[in-house]
2 protein chains.
Amino acid sequence: MHVKMVPMAKKTHRIERRTDALSRERIIAAAIEILDTDGEAALTVRALAAHLATGSGAIYWHVADKNELLAAATDAIIARVMSEVAGGAEPREAIRAVALGVFDAIDVHPWVGAQLFREPWRPAMLEIIEGVGGRLQALGVPHAAQFDAASALVHYILGVAGQNAANARVHAPDTDRSAFLASVAAQWAALDPARYPFVRQMATRLRDHDDREQFLAGVDLILAGIGTVR
Amino acid sequence: MHVKMVPMAKKTHRIERRTDALSRERIIAAAIEILDTDGEAALTVRALAAHLATGSGAIYWHVADKNELLAAATDAIIARVMSEVAGGAEPREAIRAVALGVFDAIDVHPWVGAQLFREPWRPAMLEIIEGVGGRLQALGVPHAAQFDAASALVHYILGVAGQNAANARVHAPDTDRSAFLASVAAQWAALDPARYPFVRQMATRLRDHDDREQFLAGVDLILAGIGTVR
DNA sequence: CAATACAATGGAACATCGTTCCATAATCCA
DNA sequence: TGGATTATGGAACGATGTTCCATTGTATTG
C-alpha cells in the first residue's frame, strides 16, 4: 500500500508537479544508492521500485532497461570524478591524478569497475581516455606512439578496476580485507614450490601490500616505459 | 552365499558403464562448446542439459553450480594455453609469448576474458601470474620490484582480456569487426573537439589498428618501463 | 468549465533463469 | 541375491528482467 501526497490547494493552479514525481535522475540516484550500500546483486528492478515507492512499470517509463540504467549510473560517477580531477597540473602528475581518481571512485563504488567494460564508446570510457591521453601530448610522447601509450594506460586501469570490482563482489560488504588477503596469501604460500615458485615467493608481499600504492606503482612503471620512446 | 560373479580381479576393476555416462569432464567440454559457438548468454543449465541429452538435476550431481562450471572451463582453457607456451625461450620473449597466448585464447574463447576476473586465486590466474612473473627474475628485475612488475603486466593483460570479452558480448557472433570499428571511429570523430580533442585525434588510429599488435605494443611498453628499474 | 488527449503510474502477468527436490533407475558390495 | 549407494531426469520453486494494461493525474482544447 502506498500513501499519496495530499494536494492541499486544488483551487489554485499548481504548476509544480507532485514532489515525489519520478525522473530519470531520481531513478539513477536511487540505483547508485542501492549499488553502493548493498552491492551489485542487490540492484533488482523490484528493489529499486520499492526504494522509490513505485512499481516496476513506472521505472521503465523513464529508463529503457537495466543495462542503460547501469551505464547511466557509471557515467554519472566517472563524470563526477573527472570534473573533480581536472586541474592544470604537470602532465605526469595529472595522469597519476586521473588514474587515482578512477581507482578511488571504484574503491567507493566497486560496481563501476565491472561496468566500465561494457560499451566502451560510452561517455565514461571516453572521459577516461581523454583524461589520460590528453596529457600524453603534453608529456612529449611522439604522435605515433600516443595511441599505444594511452591504450596501455587505460587497459591497465581497466584491469585493476575489474579486479577490485571482482574482489568486492566476492566479499561480504564489510569483510575484513586484511583477513582475506592473509587467507589468499596462505593459499599461495602452500602451493607446490616446483610448479609455482614465483607465486609462492610473492605470498608475503601479497599479504602486506597496499592496493593503492601498488596501483600507482603500475602507473609509474607504464609511464616510465612511455618515457623510453620519447 | 556363493560367489558366482564375474572374475572380480582387484586390480582390473573395469566394469563398463553406460557409454553415454555423464562426467564432470564431459559437462565442462559441452559447456565450452556452447560458450564458443553461441556465446556467454547461451550457456544455460537447460541448454546444457539438452546438449547432453539429460536433465538439469543430473548436471548438479557432477558440478556444484554454474559458477564452478565456468571457473572450471576457464581453468581448462588457460591450462591448455600455458602448457603450449612453456618453452625455455629468452625471458623477454617468453613473457611476450605468455601474454600473446592468453590474448589469442580469449580471441577464440571470449567468455574467458570475463571469467578471469572472478576468484583470482583460482588455477587460471595462478598460471598466468606464474607464467609472467617467473620470467621476471630471469630478466634481472630486482627482487623488490618483481611484485609490482608482475602485477602491472597481469593487470594490463586482464584489462585487454576484459575489453575483448566485452566487445565479443556486444557483437553478433560474426559481425564484421572492421565495420564495427569504423562505426565507433566515426562516433569518436564526431565528438566535440573542445571537450574530447585527444579521442577525436585517435579516431582514425582506432579504425585502422590491429588489436593483437597493439596489445603487444602495450606489453613492450610495460617491459620497457620494467627495464628502467633494473 | 467540462471534456478530452496524453504523460505517468503501479502492479499483475509472462518467460526465463539457477537451483532444489525427489521418485526412479543403474550399479556396486557383502 | 538383496540392500546400499551412485547416478539420472524432470517437476517444482523462487527470483529475475521485462511487457502489458487499466488507471490516475495533468495539461490543453472547445
Side-chain angles (χ1 to χ4, degrees), chain A residues 1-27 30-31 34-35 38-73 115 118 169, chain B residues 1-27 30-31 34-35 38-73 115 118 169:
Chain A
M1 96 179 63
H2 68 135
V3 182
K4 284 204 194 291
M5 290 286 162
V6 193
M8 282 305 176
K10 69 188 214 176
K11 47 184 178 184
T12 63
H13 274 276
R14 306 288 291 185
I15 306 178
E16 67 193 55
R17 300 201 162 218
R18 30 186 301 200
T19 56
D20 64 335
L22 277 181
S23 72
R24 187 178 159 90
E25 286 68 30
R26 274 195 12 127
I27 292 175
I34 293 178
L35 287 166
D38 298 326
E40 227 168 328
L43 180 67
T44 69
V45 180
R46 282 167 180 80
L48 187 57
H51 195 275
L52 289 164
T54 181
S56 349
I59 291 175
Y60 279 86
W61 177 260
H62 299 273
V63 165
D65 54 19
K66 203 184 165 185
N67 264 345
E68 196 205 85
L69 178 59
L70 280 165
Q115 283 303 313
R118 316 181 188 275
R169 202 180 303 125
Chain B
M1 45 187 78
H2 40 111
V3 180
K4 72 172 192 178
M5 291 301 282
V6 271
M8 175 185 152
K10 290 193 219 169
K11 40 185 178 181
T12 60
H13 189 254
R14 297 191 51 79
I15 308 289
E16 66 193 60
R17 298 205 162 210
R18 24 186 310 197
T19 58
D20 64 335
L22 277 180
S23 72
R24 188 179 158 89
E25 287 68 30
R26 277 200 1 131
I27 293 175
I34 293 178
L35 287 165
D38 297 327
E40 226 168 329
L43 181 66
T44 68
V45 179
R46 282 168 180 80
L48 187 56
H51 195 275
L52 289 164
T54 181
S56 349
I59 291 176
Y60 280 86
W61 178 259
H62 298 272
V63 165
D65 55 20
K66 204 184 164 185
N67 265 344
E68 196 205 85
L69 179 59
L70 280 165
Q115 284 303 315
R118 317 181 187 274
R169 202 180 302 124

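Note on naming: letters A, B, ... go to the chains in the order of the sequence lines (proteins, then strands), and numbering restarts at 1 for each one.
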Atom-pair distance ([atom1] on [X]; [atom2] on [N]), nearest Å:
X     : N      : atom1 : atom2 : answer
B:E25 : D:dA7  : CD    : P     : 12 Å
A:I34 : D:dG17 : CD1   : P     : 11 Å
A:Y60 : D:dT16 : OH    : P     : 12 Å
A:D65 : D:dT16 : CG    : P     : 17 Å
A:R24 : C:dA7  : CZ    : P     : 18 Å

- Item | Heavy-atom side-chain proximity of B:L43 to B:D38 below 4.5 angstrom | no

- Note on the structure: So the side-chain hydrogen bond (donor to acceptor under 3.5 Å, both in side chains) pairs with at least one residue in residues 58-67 of chain A (sequence neighbours excluded) are none

- Canonical and wobble pairing (Watson-Crick, G-U, under 3.5 Å) of DNA chain D, dot-bracket with |: ||||||||||||||||||||||||||||||

- Message: Can you work out whether A:N67 or B:A53 has the more 5'-proximal nearest nucleotide on DNA chain D?
- Response: B:A53

- Write out all pairs satisfying salt bridge (charged side-chain N to carboxylate O under 4.0 Å, His left out) with one or both partners inside residues 40-64 of chain B, taking only residues at least two apart or from two chains. B:E40-B:R169

- Message: Please list all pairs meeting salt bridge (charged side-chain N to carboxylate O under 4.0 Å, His left out) that have one or both residues in residues 53-64 of chain A, counting only residues at least two apart or in different chains.
- Response: none

- Side-chain atoms of A:L22 come closest, of C:dT9, D:dT6, D:dT19, to C:dT9

- Item | Closest nucleotide among C:dA7, D:dT19, D:dT6 to the B:W61 side chain | D:dT6

- Task: Test B:L48 against B:L69 for side-chain contact (heavy atoms from CB on, under 4.5 Å), laying out the working first.
- Result: CA-CA 11 Å; B:L48 187 56; B:L69 179 59; 3.5 Å; yes

- Query: Can you give one letter per nucleotide of nucleotides 12-17 of chain C, going 5' to 3': B for a protein heavy atom under 4.0 Å from the base, S for sugar-phosphate only, - for none?
  - Reply: -B---B

- Message: I want to confirm an ordering. Mapping A:S23 and B:A64 to their closest nucleotides on DNA chain C, which one lands closer to the 5' end?
- Response: A:S23

- Task: Could you list the residues that satisfy side chain to side chain donor-acceptor pair (under 3.5 Å) with A:E68, not counting sequence neighbours?
- Result: A:R24

- For B:A30 and B:L52, the nearest pair of non-hydrogen atoms, with its separation, is CB-CD2, 3.8 Å

- Nearest heavy-atom approach of A:A58 to A:L22 is CB-CD1, 3.6 Å

- Task: Check whether any side-chain nitrogen or oxygen of A:H62 sits under 4.0 Å from OP1 or OP2 of C:dA7, and answer yes or no.
- Result: no

- Task: Starting from the C-alpha separation in whole Å, work towards a yes-or-no answer on side-chain contact (heavy atoms from CB on, under 4.5 Å) for A:L70 and A:L35.
- Result: CA-CA 10 Å; A:L70 280 165; A:L35 287 166; 3.9 Å; yes

